[in-house]
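Computation of the quantities below employed the complete heavy-atom set of this structure, encompassing side-chain atoms and omitting hydrogens, waters and symmetry-equivalent molecules.
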Amino acid sequence: MLRPSCPWAGSNSSSQWMQKQALDHFVLEARRKGYVARSAFKLSYLDDRFHLLDKTRTKAVIDLGCSPGGWCQVVRERAGDSCLLVGVDLLPVKATINNAVFLQGDFTSAALQGRLHAQLDELQLLPRRRLAGVEGVVDLITSDMCPNRTGGSEDRQRIAELNLRALQFSLPLLREGGHFVCKVLGSRASYPDLWHAATRHFLTAQACKPPASRAQSDEFFLVAHSRLAAPRKGLSPSASVGLGSAQQQSQHTYGLDDWPGFARRRSPKRRH
(Lines give C-alpha, C1' and ligand atoms only; values in the text may rest on other atoms or scores of the structure.)
Protein backbone atom coordinates (compact mmCIF):
# COMPACT_ATOMS: atom_id res chain seq x y z
CA MET A 1 0.00 0.00 0.00
CA LEU A 2 1.58 3.30 -1.03
CA ARG A 3 1.59 6.05 1.54
CA PRO A 4 3.84 8.84 0.10
CA SER A 5 4.45 12.42 1.06
CA CYS A 6 2.80 15.11 -1.04
CA PRO A 7 5.13 17.35 -3.09
CA TRP A 8 2.30 19.82 -3.71
CA ALA A 9 1.48 20.56 -0.06
CA GLY A 10 -0.41 23.83 0.28
CA SER A 11 -1.87 23.70 -3.26
CA ASN A 12 -5.60 23.79 -3.94
CA SER A 13 -5.51 20.16 -5.09
CA SER A 14 -3.87 19.12 -1.83
CA SER A 15 -6.37 21.06 0.25
CA GLN A 16 -9.32 19.56 -1.60
CA TRP A 17 -7.88 16.07 -1.15
CA MET A 18 -7.42 16.63 2.58
CA GLN A 19 -10.97 17.92 2.95
CA LYS A 20 -12.39 14.85 1.17
CA GLN A 21 -10.18 12.58 3.25
CA ALA A 22 -11.36 14.15 6.52
CA LEU A 23 -15.03 13.64 5.60
CA ASP A 24 -14.68 10.21 4.00
CA HIS A 25 -16.95 7.59 5.56
CA PHE A 26 -14.32 4.84 5.43
CA VAL A 27 -11.66 7.09 6.98
CA LEU A 28 -13.96 7.89 9.90
CA GLU A 29 -14.97 4.24 10.27
CA ALA A 30 -11.31 3.13 10.19
CA ARG A 31 -10.53 5.49 13.06
CA ARG A 32 -13.50 4.20 15.02
CA LYS A 33 -12.45 0.57 14.58
CA GLY A 34 -8.75 1.17 15.15
CA TYR A 35 -7.54 0.42 11.60
CA VAL A 36 -4.47 2.34 10.46
CA ALA A 37 -5.94 2.87 6.97
CA ARG A 38 -9.30 2.89 5.21
CA SER A 39 -7.94 0.23 2.84
CA ALA A 40 -8.67 -2.34 5.56
CA PHE A 41 -12.30 -2.28 4.41
CA LYS A 42 -11.25 -3.38 0.92
CA LEU A 43 -9.82 -6.65 2.19
CA SER A 44 -12.73 -7.07 4.61
CA TYR A 45 -15.16 -6.82 1.71
CA LEU A 46 -13.13 -9.22 -0.46
CA ASP A 47 -13.07 -11.72 2.39
CA ASP A 48 -16.81 -11.38 2.99
CA ARG A 49 -17.47 -12.05 -0.68
CA PHE A 50 -14.85 -14.70 -1.50
CA HIS A 51 -14.16 -16.32 1.91
CA LEU A 52 -10.38 -15.94 1.82
CA LEU A 53 -9.70 -16.15 5.58
CA ASP A 54 -10.80 -18.59 8.24
CA LYS A 55 -9.78 -18.83 11.89
CA THR A 56 -9.59 -22.61 11.81
CA ARG A 57 -8.09 -23.20 8.34
CA THR A 58 -5.87 -20.18 7.54
CA LYS A 59 -2.39 -20.95 8.88
CA ALA A 60 -0.11 -18.66 6.85
CA VAL A 61 -0.53 -15.38 4.93
CA ILE A 62 1.91 -13.17 3.02
CA ASP A 63 0.99 -9.51 2.39
CA LEU A 64 3.00 -7.69 -0.30
CA GLY A 65 2.81 -3.90 -0.19
CA CYS A 66 1.55 -4.11 3.39
CA SER A 67 2.27 -0.59 4.72
CA PRO A 68 0.77 0.98 6.76
CA GLY A 69 -0.69 -2.33 7.94
CA GLY A 70 -4.46 -2.16 7.46
CA TRP A 71 -4.68 -5.41 5.51
CA CYS A 72 -2.49 -7.15 8.09
CA GLN A 73 -4.86 -5.99 10.83
CA VAL A 74 -7.77 -7.59 8.95
CA VAL A 75 -5.80 -10.82 8.47
CA ARG A 76 -5.01 -11.03 12.17
CA GLU A 77 -8.60 -10.21 13.12
CA ARG A 78 -10.13 -12.80 10.79
CA ALA A 79 -7.50 -15.55 10.77
CA GLY A 80 -6.69 -15.46 14.47
CA ASP A 81 -3.49 -15.08 16.46
CA SER A 82 -2.05 -18.44 15.43
CA CYS A 83 -1.87 -17.52 11.74
CA LEU A 84 1.70 -16.81 10.61
CA LEU A 85 1.85 -13.44 8.86
CA VAL A 86 4.68 -11.97 6.77
CA GLY A 87 4.47 -8.44 5.33
CA VAL A 88 6.71 -6.68 2.81
CA ASP A 89 6.84 -3.00 1.86
CA LEU A 90 9.16 -0.17 0.92
CA LEU A 91 7.79 1.82 3.84
CA PRO A 92 7.66 0.93 7.55
CA VAL A 93 4.47 -0.55 9.01
CA LYS A 94 2.57 1.58 11.51
CA ALA A 95 0.37 -1.13 12.95
CA THR A 96 1.52 -3.33 15.83
CA ILE A 97 0.49 -6.91 15.11
CA ASN A 98 1.25 -10.04 17.11
CA ASN A 99 2.97 -13.01 15.47
CA ALA A 100 3.86 -10.99 12.37
CA VAL A 101 7.17 -10.40 10.59
CA PHE A 102 7.69 -7.28 8.47
CA LEU A 103 10.47 -6.86 5.91
CA GLN A 104 11.19 -3.38 4.58
CA GLY A 105 12.54 -3.11 1.05
CA ASP A 106 11.82 -3.41 -2.65
CA PHE A 107 9.95 -6.65 -3.32
CA THR A 108 11.29 -6.82 -6.89
CA SER A 109 14.95 -6.83 -5.78
CA ALA A 110 16.87 -10.10 -5.55
CA ALA A 111 18.21 -9.04 -2.14
CA LEU A 112 14.74 -8.57 -0.63
CA GLN A 113 13.40 -11.78 -2.13
CA GLY A 114 16.41 -13.58 -0.68
CA ARG A 115 15.59 -12.17 2.76
CA LEU A 116 11.95 -13.11 2.28
CA HIS A 117 12.75 -16.71 1.35
CA ALA A 118 15.09 -16.95 4.33
CA GLN A 119 12.30 -15.72 6.60
CA LEU A 120 9.81 -18.15 5.05
CA ASP A 121 12.29 -20.97 5.59
CA GLU A 122 12.64 -20.00 9.24
CA LEU A 123 8.87 -19.95 9.64
CA GLN A 124 8.61 -23.27 7.75
CA LEU A 125 6.55 -21.64 5.00
CA LEU A 126 8.69 -22.70 2.05
CA PRO A 127 7.23 -25.44 -0.18
CA ARG A 128 7.61 -28.95 1.22
CA ARG A 129 8.96 -31.80 -0.91
CA ARG A 130 6.75 -34.86 -1.13
CA LEU A 131 6.88 -38.12 -3.03
CA ALA A 132 4.52 -36.75 -5.69
CA GLY A 133 6.30 -33.41 -6.02
CA VAL A 134 6.37 -30.10 -4.17
CA GLU A 135 3.50 -28.74 -2.09
CA GLY A 136 3.10 -25.12 -0.97
CA VAL A 137 1.90 -24.30 2.53
CA VAL A 138 0.71 -20.66 2.33
CA ASP A 139 -3.06 -20.13 2.39
CA LEU A 140 -3.31 -16.58 1.05
CA ILE A 141 -0.96 -14.10 -0.65
CA THR A 142 -2.20 -10.53 -1.11
CA SER A 143 -0.69 -7.62 -2.98
CA ASP A 144 -1.83 -4.03 -2.63
CA MET A 145 1.37 -2.91 -4.36
CA CYS A 146 1.14 -0.09 -6.88
CA PRO A 147 3.98 1.84 -8.53
CA ASN A 148 4.12 5.63 -8.48
CA ARG A 149 1.23 6.91 -10.57
CA THR A 150 1.65 9.51 -13.31
CA GLY A 151 -1.83 9.34 -14.84
CA GLY A 152 -0.66 7.86 -18.15
CA SER A 153 -0.97 4.45 -19.74
CA GLU A 154 2.44 3.55 -18.29
CA ASP A 155 0.74 3.11 -14.90
CA ARG A 156 -1.09 0.03 -16.10
CA GLN A 157 1.95 -1.44 -17.81
CA ARG A 158 4.06 -1.07 -14.68
CA ILE A 159 1.47 -2.50 -12.31
CA ALA A 160 0.83 -5.36 -14.76
CA GLU A 161 4.53 -6.26 -14.62
CA LEU A 162 4.54 -5.93 -10.83
CA ASN A 163 1.47 -8.16 -10.49
CA LEU A 164 2.96 -10.82 -12.74
CA ARG A 165 6.09 -10.91 -10.61
CA ALA A 166 3.97 -11.18 -7.47
CA LEU A 167 1.94 -14.04 -8.97
CA GLN A 168 5.04 -15.87 -10.19
CA PHE A 169 6.51 -15.54 -6.71
CA SER A 170 3.27 -16.78 -5.13
CA LEU A 171 2.51 -19.86 -7.21
CA PRO A 172 5.21 -22.15 -5.73
CA LEU A 173 4.30 -21.08 -2.17
CA LEU A 174 0.52 -21.41 -2.24
CA ARG A 175 -1.01 -24.69 -1.15
CA GLU A 176 -3.64 -26.39 -3.26
CA GLY A 177 -6.83 -24.43 -2.58
CA GLY A 178 -4.88 -21.28 -1.59
CA HIS A 179 -5.77 -17.82 -2.90
CA PHE A 180 -4.04 -14.83 -4.53
CA VAL A 181 -5.31 -11.22 -4.52
CA CYS A 182 -3.75 -8.20 -6.22
CA LYS A 183 -4.64 -4.63 -7.15
CA VAL A 184 -5.18 -3.83 -10.85
CA LEU A 185 -5.91 -0.60 -12.69
CA GLY A 186 -8.49 -0.51 -15.47
CA SER A 187 -10.14 -3.34 -17.37
CA ARG A 188 -9.24 -7.04 -17.63
CA ALA A 189 -8.15 -6.48 -21.24
CA SER A 190 -5.22 -4.41 -19.94
CA TYR A 191 -3.71 -7.50 -18.27
CA PRO A 192 -3.93 -10.48 -20.66
CA ASP A 193 -0.84 -12.24 -19.30
CA LEU A 194 -1.92 -11.82 -15.67
CA TRP A 195 -5.45 -13.10 -16.32
CA HIS A 196 -4.10 -15.97 -18.41
CA ALA A 197 -1.82 -17.09 -15.58
CA ALA A 198 -4.57 -16.68 -12.98
CA THR A 199 -7.16 -18.67 -14.93
CA ARG A 200 -4.65 -21.43 -15.67
CA HIS A 201 -3.61 -21.92 -12.05
CA PHE A 202 -6.78 -21.16 -10.06
CA LEU A 203 -10.33 -22.46 -10.05
CA THR A 204 -11.74 -18.96 -10.62
CA ALA A 205 -10.31 -15.51 -11.36
CA GLN A 206 -12.60 -12.52 -10.91
CA ALA A 207 -12.35 -8.74 -10.90
CA CYS A 208 -13.94 -7.01 -7.91
CA LYS A 209 -14.27 -3.38 -6.88
CA PRO A 210 -14.97 -3.05 -3.13
CA PRO A 211 -17.15 -0.15 -1.94
CA ALA A 212 -14.09 1.33 -0.20
CA SER A 213 -12.49 1.83 -3.64
CA ARG A 214 -13.63 5.22 -4.87
CA ALA A 215 -16.10 5.08 -7.74
CA GLN A 216 -14.02 7.59 -9.72
CA SER A 217 -10.87 5.50 -9.40
CA ASP A 218 -9.89 2.83 -11.95
CA GLU A 219 -8.77 0.53 -9.13
CA PHE A 220 -10.02 -3.06 -9.07
CA PHE A 221 -8.80 -6.24 -7.41
CA LEU A 222 -8.08 -9.56 -9.07
CA VAL A 223 -9.20 -12.41 -6.82
CA ALA A 224 -7.68 -15.73 -7.91
CA HIS A 225 -9.51 -18.32 -5.83
CA SER A 226 -8.52 -21.91 -5.04
CA ARG A 227 -5.11 -22.86 -6.42
CA LEU A 228 -5.40 -25.90 -8.66
CA ALA A 229 -3.31 -29.02 -8.12
CA ALA A 230 -2.14 -28.74 -11.75
CA PRO A 231 -2.56 -25.87 -14.26
CA ARG A 232 -5.20 -26.03 -16.95
CA LYS A 233 -3.91 -26.91 -20.42
CA GLY A 234 -4.73 -25.45 -23.81
CA LEU A 235 -5.99 -22.09 -22.52
CA SER A 236 -4.92 -19.13 -24.66
CA PRO A 237 -4.36 -15.62 -23.23
CA SER A 238 -7.27 -14.23 -25.29
CA ALA A 239 -9.60 -16.94 -24.01
CA SER A 240 -8.62 -16.33 -20.38
CA VAL A 241 -9.38 -12.62 -20.66
CA GLY A 242 -12.84 -13.53 -21.93
CA LEU A 243 -13.66 -15.75 -18.95
CA GLY A 244 -16.23 -14.10 -16.68
CA SER A 245 -17.70 -10.65 -17.10
CA ALA A 246 -15.08 -8.06 -18.11
CA GLN A 247 -15.04 -4.83 -16.18
CA GLN A 248 -15.55 -1.71 -18.26
CA GLN A 249 -12.53 0.55 -18.35
CA SER A 250 -13.43 3.77 -16.60
CA GLN A 251 -12.32 7.24 -17.57
CA HIS A 252 -9.26 8.02 -15.49
CA THR A 253 -9.77 10.11 -12.38
CA TYR A 254 -8.13 9.82 -8.98
CA GLY A 255 -9.62 8.64 -5.72
CA LEU A 256 -8.45 9.04 -2.15
CA ASP A 257 -6.13 6.04 -2.33
CA ASP A 258 -4.38 6.77 -5.61
CA TRP A 259 -4.13 10.55 -5.91
CA PRO A 260 -0.96 11.27 -7.94
CA GLY A 261 0.40 13.87 -5.51
CA PHE A 262 1.37 10.95 -3.32
CA ALA A 263 4.53 9.82 -5.10
CA ARG A 264 6.31 7.14 -3.16
CA ARG A 265 9.73 7.95 -1.78
CA ARG A 266 12.08 6.16 0.54
CA SER A 267 12.96 8.09 3.65
CA PRO A 268 16.51 9.50 3.34
CA LYS A 269 19.08 7.92 5.61
CA ARG A 270 20.32 10.15 8.38
CA ARG A 271 23.98 10.90 8.55
CA HIS A 272 25.57 10.82 11.97
Side-chain angles (χ1 to χ4, degrees), residues 1-6 17-18 21-22 24-48 50 52-55 58-107 112-113 115-116 118-120 122-123 125 138-148 162 166 169-170 173 179-183 210-214 219 221 223 255-259 262-267:
M1 184 83 181
L2 304 184
R3 279 292 177 269
S5 60
C6 176
W17 186 93
M18 294 300 292
Q21 181 79 345
D24 181 74
H25 163 73
F26 290 104
V27 171
L28 299 175
E29 192 67 6
R31 291 172 183 165
R32 187 181 72 83
K33 292 192 172 184
Y35 293 137
V36 294
R38 69 191 296 279
S39 59
F41 295 107
K42 298 176 186 180
L43 183 58
S44 296
Y45 178 85
L46 294 175
D47 182 42
D48 288 342
F50 297 101
L52 305 170
L53 298 164
D54 185 274
K55 283 192 175 181
T58 304
K59 304 301 182 185
V61 175
I62 299 173
D63 185 16
L64 306 175
C66 64
S67 181
W71 281 32
C72 291
Q73 287 179 303
V74 173
V75 170
R76 178 57 68 236
E77 179 182 279
R78 298 195 171 205
D81 292 337
S82 62
C83 173
L84 296 173
L85 175 59
V86 180
V88 179
D89 204 288
L90 280 168
L91 301 179
V93 175
K94 296 179 180 179
T96 301
I97 300 173
N98 294 330
N99 197 21
V101 175
F102 297 109
L103 301 178
Q104 187 173 351
D106 182 357
F107 167 73
L112 191 282
Q113 291 199 11
R115 289 171 55 204
L116 181 53
Q119 188 63 63
L120 297 179
E122 184 177 333
L123 295 174
L125 297 183
V138 179
D139 299 282
L140 172 66
I141 298 181
T142 62
S143 172
D144 199 19
M145 294 188 294
C146 187
N148 294 343
L162 190 61
F169 166 82
S170 302
L173 299 175
H179 318 300
F180 174 78
V181 176
C182 69
K183 177 189 293 186
S213 291
R214 299 288 288 186
E219 172 189 86
F221 289 89
V223 180
L256 293 179
D257 287 338
D258 58 4
W259 189 60
F262 287 79
R264 184 166 208 153
R265 294 186 177 87
R266 292 187 181 91
S267 300

Is Leu91 close to Pro68 at the side-chain level, that is, under 4.5 Å between some pair of heavy atoms? no

Please work out whether the ring planes of Tyr35 and Phe41 are parallel, tilted or perpendicular, with thresholds of 30° and 60°. perpendicular

Pair Ser44, Arg78 - check side chain to side chain contact (heavy atoms under 4.5 Å, CB included), show working. CA-CA 9 Å; Ser44 296; Arg78 298 195 171 205; 3.6 Å; yes

What's the spacing between Gln119 CD and Phe102 CZ if we round to 0.5 Å? 11.5 Å

Taking side chain as C-beta onward, heavy atoms only, is Tyr45 less than 4.5 Å from Ser213? no

Is there a donor-acceptor contact under 3.5 Å from the side chain of Gln73 to the main chain of Gly34? yes

Can you tell me how far the CG atom of Leu140 sits from the CG atom of Leu173, to the nearest 0.5 Å? 12.5 Å

If every non-hydrogen atom of Leu103 is compared with every non-hydrogen atom of Arg115, which pair is closest and at what distance? CD2-NH2, 3.7 Å

Just do the side chain to side chain contact (heavy atoms under 4.5 Å, CB included) check on Val74 and Asp47 with the steps written out, would you? CA-CA 9 Å; Val74 173; Asp47 182 42; 5.6 Å; no

Would you give the length of the straight line joining atom NZ of Lys59 to atom CG of Leu125, rounded to the nearest 0.5 angstrom? 13.0 Å

Criterion side chain to side chain contact (heavy atoms under 4.5 Å, CB included) on Thr142 and Val75, from CA distance to verdict: CA-CA 10 Å; Thr142 62; Val75 170; 5.8 Å; no

Taking all non-hydrogen atoms of both residues, which atom of Arg76 and which atom of Asn99 are closest, and how far apart? NH2-O, 3.0 Å

Parallel, tilted or perpendicular: ring planes of Phe169 versus Phe107, cut at 30 and 60 degrees: perpendicular

When rounded to the nearest 0.5 angstrom, what is the spacing between CG in Leu52 and CD1 in Ile141? 12.5 Å

Check: Val61 main-chain N/O paired with Asp139 side-chain donor or acceptor under 3.5 Å: no

Provide the closest heavy-atom pair for Leu123 versus Leu84 in the form atom of the first, atom of the second, distance. O-CD1, 3.7 Å

Looking at every heavy atom in both Arg38 and Arg214, which two are closest together, and how far apart are they? NH2-CD, 4.0 Å

Say you draw a straight line from CZ of Phe50 to CZ of Phe221; how long is it, rounded to the nearest 0.5 Å? 11.5 Å

Ala60 to Val138 - nearest heavy-atom pair and separation: O-CG1, 3.5 Å

Would you give the length of the straight line joining atom CH2 of Trp71 to atom OG of Ser143, rounded to the nearest 0.5 angstrom? 7.5 Å

Checking side chain to side chain contact (heavy atoms under 4.5 Å, CB included) for the pair His25/Leu28: CA distance, chi angles, key distance, verdict? CA-CA 5 Å; His25 163 73; Leu28 299 175; 5.9 Å; no

For the residue pair Val93 and Gly69, what are the closest heavy atoms and their distance? CG1-CA, 4.0 Å

